[in-house]
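Down below is the structure, laid out as structure tokens.
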Amino acid sequence: MIDEMVVNLKKEQEADDEKEAYCEAELDKAEDKQKELELSLKDSTTAIDKMTGDIEKLATEIAELEAGIKALDKSVAEATENRKKENAEYKDLIASDSTAKEVL
């Protein structure tokens, strides 16, 4: 009877050893997965921080470019107005010259 108990205890010990090995393997897998996810999270956080900085920089550049476009539009409008005035003056001068030639 004691021999049977010893045999049963050895079988139970073998089963326990197998379960312990399985559990240790699963814990190692879980730890590896956790480390992988932590690295991924760190990389994602770094990327988000960089992109946030880039967005702020681009927003500033866009505002500067929009201000430049408004200034350019104003300059073009002023130049167009000056050209219209100069053209009108030129036409008056030509008309005056033509009148003067007819009088002579």
Side-chain angles (χ1 to χ4, degrees):
M1 179 155 165
I2 293 182
D3 290 336
E4 286 179 28
M5 293 173 100
V6 170
V7 170
N8 283 339
L9 286 174
K10 286 183 180 181
K11 287 180 184 178
E12 288 177 8
Q13 185 63 45
E14 289 175 3
D16 287 346
D17 290 344
E18 289 175 8
K19 288 178 185 176
E20 182 182 10
Y22 172 78
C23 288
E24 287 177 1
E26 290 300 310
L27 281 174
D28 286 343
K29 286 180 191 177
E31 288 173 356
D32 290 345
K33 184 69 174 176
Q34 181 181 0
K35 287 178 184 176
E36 180 182 321
L37 290 173
E38 287 172 352
L39 286 174
S40 177
L41 178 63
K42 183 179 176 184
D43 291 345
S44 295
T45 302
T46 302
I48 289 170
D49 291 343
K50 182 184 181 304
M51 287 178 194
T52 301
D54 290 347
I55 288 170
E56 291 171 358
K57 180 181 174 186
L58 290 173
T60 302
E61 289 178 8
I62 288 171
E64 291 171 357
L65 290 172
E66 287 175 344
I69 290 170
K70 287 180 183 178
L72 182 61
D73 286 345
K74 182 180 177 185
S75 174
V76 168
E78 290 173 357
T80 300
E81 188 62 33
N82 288 338
R83 286 188 197 106
K84 286 180 182 179
K85 287 179 184 176
E86 290 171 357
N87 187 25
E89 291 172 2
Y90 174 75
K91 287 180 180 178
D92 288 343
L93 180 65
I94 295 297
S96 295
D97 284 351
S98 297
T99 307
K101 284 181 185 178
E102 288 176 9
V103 171
L104 292 175

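If you take CD on Gln13 and CG on Asp17, they are separated by 4.5 Å, rounding to the nearest 0.5 Å. How far CD of Glu18 is from SG of Cys23: 12.0 Å, rounded to the nearest 0.5 Å. To the nearest 0.5 Å, the span separating CG on Asp97 from CG on Asp92 amounts to 11.0 Å. With rounding to the nearest 0.5 Å, the separation of CG in Leu65 from CG in Leu72 is 11.5 Å. With rounding to the nearest 0.5 angstrom, the NZ atom of Lys19 is 9.5 Å from the CD atom of Glu12. Separating the CG atom in Leu27 from the CG atom in Asp32 is a distance of 11.0 Å, to the nearest 0.5 Å.
A heavy-atom distance below 4.5 Å is found between the side chains of Lys50 and Asp54. Using a 4.5 Å cut-off on side-chain heavy atoms (C-beta onward), Leu93 and Glu89 make no contact. Taking the side chain as every heavy atom from C-beta outward, Lys74 and Glu78 approach each other to under 4.5 Å. No side-chain heavy atom of Glu36 sits less than 4.5 Å from a side-chain heavy atom of Leu39.
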*asked:* Between Thr60 and Glu56, is the side chain to side chain contact (heavy atoms under 4.5 Å, CB included) condition met? List the steps.
replied: CA-CA 6 Å; Thr60 302; Glu56 291 171 358; 5.5 Å; no

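For the residue pair Glu4 / Asn8, no side-chain donor-acceptor distance below 3.5 Å is found, with atom types taken as modelled.
Under the salt bridge (charged side-chain N to carboxylate O under 4.0 Å, His left out) criterion, Glu26 pairs with Lys29, not counting sequence neighbours. By the side-chain contact (heavy atoms from CB on, under 4.5 Å) test, Ser75 pairs with no residue at all, sequence neighbours left out.
Only one option out of Met5, Lys11, Lys10 pairs with Val7 in a side chain to side chain contact (heavy atoms under 4.5 Å, CB included); it is Lys11.
Using a 4.5 Å cut-off between side-chain heavy atoms of Ile, Leu, Val, Met, Phe, Trp and Tyr, Met51 forms no hydrophobic cluster with any other residue.
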